[in-house]
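Heads up, the thing below is written out as C-alpha cells.
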Amino acid sequence: MDGAQGGGGENGNAEARESGKASDAGLDDVMKALKVPEGRPLNVVGVGAGAWGAVFISMLQKEYFNMKEKIKFSIYRREGKELSKETASKILEVINADSEVIRRLRQKGRYFKYVDARLGERVLSAAEVLTDGFCENMLELPLMPLRVSLRAATDSKVNTLMVFVMVASKQVITDLTEAVWDADVIVNSIPSSSIRPVFEVIGNLVRERGRHPVVISLAKGIEYKESPEPHILTPSGIIHDITGIPKENIFYLGGPNIASEVWKGEYATARICGLSKTLRRALASLIRNASFVVWDNPDIVNHEIMGGLKNVYAIGAGIIKGAANNSATSMAVYFSNACAEMVFISQLLTGVRDPVYLAGPLLADVYVTLLKGRNAWYGEQVALGNVNPENGPYVPGKGLIEGVGAVGNFHRLLSDSRLTIPDPQTEIASSPIALLPTLSALNDVFSRKKGEPLLTPKQRLKNKSNPMKVQTGFQDPGQYFLAQMKDATATDPEARLHIFEGALLTPQLGGREDPLL
C-alpha cells in the first residue's frame with residue numbers, strides 16, 4: 001500500500017478479515033452471474049472521483065487488498081482541473097499533521113511540490129493530488145496513494161480530458177475507452193446532470209464489445225422531460241436510455257453515507273436496489289463489510305426519487321438552520337413537513353399507493369442529508385449571506401450542489417399544467433405544486449432574477465389586486481423562506497397523503513414501466 005494508511009481506523013485490517021468470508025462468497029456469486037472467464041479477475045471501474053465515489057472504490061480495494069488475482073479496481077476522473085493556492089495550503093496542513101504522510105511523500109519525492117504550490121510557484125491539478133491520496137472534496141482525510149501516467153483522451157464526445165485512476169496497480173490513465181472496455185462492474189458517481197456525455201461514450205463501447213456490464217449508480221438527481229407527457233428520468237433510467245444496458249443490470253446504492261465517516265470505518269448502512277434479485281443480493285454481499293452493512297430492495301425507482309428529493313429538501317433544512325438561528329423546534333417542524341412532501345411526491349411519481357416506507361437506510365439517508373450533507377451546508381450559507389444563489393450551484397472545495405438543479409426539475413414537473421390532483425380541502429382540481437409550499441419556496445429562491453425581490457403568494461396577490469400599493473417583498477432569501485414556512489394557512493402535511501386513497505395512479509411520471517419484482 002505504498003506506506004499509506006488504509007483507512008477504517010486501527011481495526012481496519014481485522015475487520016476486513018472478519019468480513020472476508022462473506023465478501024469472498026459475494027465475489028464468487030457476482031463473477032458467476034456475470035460469467036467472468038476463469039483466470040480473469042472481476043474488473044470494477046469507478047466513474048467519477050468525488051468524495052463518495054473515491055471512498056467507495058477505496059473501501060472495496062481495502063476489503064479485497066489480498067485478492068488481486070480475483071478482483072481489480074479503478075477510478076476514472078476528470079483531468080485538467082487546477083487547484084487554487086488556498087487548496088494547496090490546506091493539503092500541506094493535512095500533510096504536515098501526519099508524520100507517516102510526510103515520510104511517504106518525501107520518500108517518493110512528492111513532498112516539496114506541495115510546498116512550492118503553497119508558495120505559488122507551481123499549480124497542482126485535482127488528478128495529480130488524487131494520485132497522492134487527496135480527494136479535492138475531502139482534503140482532510142487522505143486515501144490510498146496512486147501513481148500517475150498520463151495519456152490524452154481522444155474521444156470527441158468528451159469535452160474535457162478524463163483521468164483514469166487504476167487503484168490496484170496505482171496507475172492513472174487518461175483514456176476513457178481503456179478505462180471501461182473490460183469493465184464488468186461500473187460504479188457511477190457522476191452527478192445526474194453530467195451522466196449523458198460520459199455514458200454516451202460508454203454506451204458506444206458496450207455496443208461495440210457486445211457485452212453488458214453491471215452498473216451500480218451512487219448518483220442522485222433527476223432529468224425532466226416534457227414530452228410526450230411530463231415525466232422524469234432517474235440516473236438509472238438515463239443510463240439505460242443512453243447505453244441500452246438492460247434495466248436488470250442497473251442498480252442504485254444509497255444510505256446515510258457521509259464519505260469521510262465511512263472511510264474512517266464508522267458504522268453505516270445502505271440499500272442496493274434493482275430488479276434482479278440474484279444480482280442485487282450478490283452485489284450486496286460483495287460490498288458489505290464489518291462496518292458497512294448493505295441490504296437489498298427491488299424498488300430502485302422510489303429509492304432514486306427519494307435520493308433526489310432529499311438533496312432538494314436538505315437545502316431547505318440548511319436555510320432554516322441559518323435563518324432560525326439553529327432552532328431545534330423550527331428544524332423539527334421543517335423535518336416533518338419535508339418528509340410529508342417527499343412521500344407525497346414519491347406516491348405521485350411512482351404510482352405506488354403505498355410506497356416503500358420511509359424507514360431504515362432510506363429514512364436515515366434523508367435524516368443525515370438534512371443534518372450534515374453539502375446541500376444542507378449550502379442552504380445554511382445562503383441563509384447566512386455567505387453564498388449567493390445567483391452564482392450557480394458549484395462551490396469550490398464542495399463541488400456541485402446537486403439539490404439546486406433538482407429543485408428546478410421537480411418544480412417544472414409538478415407545476416406542469418397537464419397535471420392536476422384534487423385539493424385536500426376544496427376537492428377542486430389543482431396543480432400538485434400548489435400542495436408543496438416548501439418546494440415552491442425553494443424554487444422561488446433559486447429562480448429569481450438578479451436583484452428581484454422575493455414575494456410570498458399573499459404579497460403577489462395584493463400587488464395584483466392593488467398595483468398602487470406594491471408590496472416590497474424580501475431581499476434576504478433566508479428570511480423569505482422562513483416566512484413561507486410560517487404560513488398559518490398551510491395544509492396539514494398529513495392531509496395531502498390521503499389524496500391517493502382509493503385512487504388509480506399511473507406510473508408514467510416516474511418513468512417506471514416494469515412492475516416491482
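Below, each value reflects all heavy atoms present in this structure, side chains not excepted, and no hydrogens, waters or symmetry copies.
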How would you list, by chain and number, every residue that makes a side-chain hydrogen bond (donor to acceptor under 3.5 Å, both in side chains) with Ser415, sequence neighbours excluded?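 In terms of side-chain hydrogen bond (donor to acceptor under 3.5 Å, both in side chains), with neighbours along the sequence ignored, Ser415 is linked to no residue.
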Close side-chain approach of [X] and [Y], heavy atoms under 4.5 Å:
X      : Y      : value
Thr269 : Val294 : no
Trp181 : Glu208 : yes
Leu400 : Ser193 : yes
Glu248 : Leu279 : no
Asn391 : Val387 : no
Cys273 : Arg280 : no
Met306 : His303 : no
Tyr313 : Thr369 : no

For the atom pair [atom1] ([X]) and [atom2] ([Y]), what is the distance rounded to the nearest 0.5 Å?
X      : Y      : atom1 : atom2 : answer
Gln61  : Phe65  : CD    : CZ    : 6.5 Å
Phe410 : Leu439 : CZ    : CG    : 8.5 Å
Thr87  : Leu124 : OG1   : CG    : 9.5 Å
Leu233 : Ile239 : CG    : CD1   : 11.0 Å
Ile71  : Phe73  : CD1   : CZ    : 3.5 Å
Asp29  : Leu283 : CG    : CG    : 10.0 Å

More than 12 heavy atoms of other residues, nucleotides or ligands under 6.0 Å from [atom1] of [X]: is that the case?
X      : atom1 : answer
Tyr111 : OH    : yes
Lys70  : NZ    : yes
Tyr267 : OH    : yes
Glu121 : CD    : yes

Any donor-acceptor N/O pair, [X] side chain to [Y] backbone, under 3.5 Å:
X      : Y      : result
Ser194 : Ile190 : no
Thr243 : Gly203 : no
Asn375 : Ala314 : no

Take Val215 and Phe251 through the side chain to side chain contact (heavy atoms under 4.5 Å, CB included) test and state the conclusion after the steps. CA-CA 6 Å; Val215 177; Phe251 299 83; over 6 Å; no
Glu136: partners by salt bridge (charged side-chain N to carboxylate O under 4.0 Å, His left out), with sequence neighbours left out: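 Partners of Glu136 by the salt bridge (charged side-chain N to carboxylate O under 4.0 Å, His left out) criterion, ordered by chain and then number, come out as Arg77, Lys81.
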Presence of salt bridge, [Y] and [X], under 4.0 angstrom:
X      : Y      : value
Lys310 : Asp365 : yes
Glu261 : Lys372 : yes
Lys113 : Glu128 : yes

Candidate list Asn443, Val407, Asn409, test side-chain contact (heavy atoms from CB on, under 4.5 Å), partner Val312, passing option: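 Of all the options given, the one that passes is Val407.
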Run through Asn188, Ile186, Leu286, Val185 and flag the one making a side-chain contact (heavy atoms from CB on, under 4.5 Å) with Ile216.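 Going through the options one by one, the only one that passes is Val185.
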Please enumerate all residues that pass ring pair (Phe, Tyr, Trp, His ring centres under 6.0 Å) together with Trp52, with sequence neighbours excluded.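 Checked Trp52 against ring pair (Phe, Tyr, Trp, His ring centres under 6.0 Å); matches are Phe56.
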Which pair of non-hydrogen atoms, one from [X] and one from [Y], has the smallest distance, and what is that distance?
X      : Y      : result
Pro213 : Ala183 : CB-O, 3.6 Å
Glu140 : Ser260 : OE2-CB, 3.8 Å
Val404 : Pro393 : CB-CB, 3.8 Å
Ala179 : Tyr76  : CB-CD1, 4.0 Å
Gly48  : Ser189 : O-OG, 3.1 Å
Cys135 : Ala49  : SG-O, 3.6 Å

Mind listing the side-chain donor-acceptor pairs of residues 37-47 below 3.5 Å, one per line with the distance, residues two or more places apart or on another chain?
| from | atom 1 | to | atom 2 | distance (Å) |
| --- | --- | --- | --- | --- |
| Arg40 | NH1 | Asp184 | OD2 | 3.0 |
| Arg40 | NH2 | Asp184 | OD1 | 3.0 |
| Asn43 | ND2 | Asp182 | O | 3.3 |

Full working for side chain to side chain contact (heavy atoms under 4.5 Å, CB included) between Ile401 and Asn311: CA-CA 8 Å; Ile401 308 301; Asn311 287 337; over 6 Å; no
Please output the side-chain donor-acceptor pairs of residues 218-226 that fall under 3.5 Å, not counting sequence neighbours, one pair per line with the distance.
| from | atom 1 | to | atom 2 | distance (Å) |
| --- | --- | --- | --- | --- |
| Lys220 | NZ | Leu218 | O | 3.0 |
| Glu223 | OE1 | Arg196 | NE | 3.1 |
| Glu223 | OE1 | Arg196 | NH2 | 2.8 |
| Glu223 | OE1 | Lys225 | NZ | 3.3 |
| Glu223 | OE2 | Arg196 | NE | 2.9 |
| Tyr224 | OH | Asp416 | OD2 | 3.2 |

Applying salt bridge (Lys or Arg N to Asp or Glu O under 4.0 Å), run through Asp116 and Arg122 and close with a yes or a no. CA-CA 6 Å; Asp116 292 342; Arg122 66 163 294 171; 5.8 Å; no
Within residues 394-403 or reaching into it, pairs that qualify as salt bridge (charged side-chain N to carboxylate O under 4.0 Å, His left out) - sequence neighbours excluded: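 Every candidate salt bridge (charged side-chain N to carboxylate O under 4.0 Å, His left out) pair involving residues 394-403 fails, so no pair, neighbours aside, qualifies.
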Tyr114 and Asp132: side-chain donor and acceptor closer than 3.5 Å?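 Side chains of Tyr114 and Asp132: pair found under 3.5 Å.
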From CA spacing to verdict: side chain to side chain contact (heavy atoms under 4.5 Å, CB included), Phe292, Ile287: CA-CA 8 Å; Phe292 192 70; Ile287 299 165; 3.7 Å; yes
Show your working on side-chain hydrogen bond (donor to acceptor under 3.5 Å, both in side chains) between Glu304 and Thr234 and close with a plain yes or no. CA-CA 6 Å; Glu304 283 190 295; Thr234 61; 2.7 Å; yes
How far apart are the C-alpha atoms of Phe134 and Val101, what are their side-chain angles, what is the distance that settles it, and do they pass the side chain to side chain contact (heavy atoms under 4.5 Å, CB included) test? CA-CA 11 Å; Phe134 297 101; Val101 176; 4.1 Å; yes
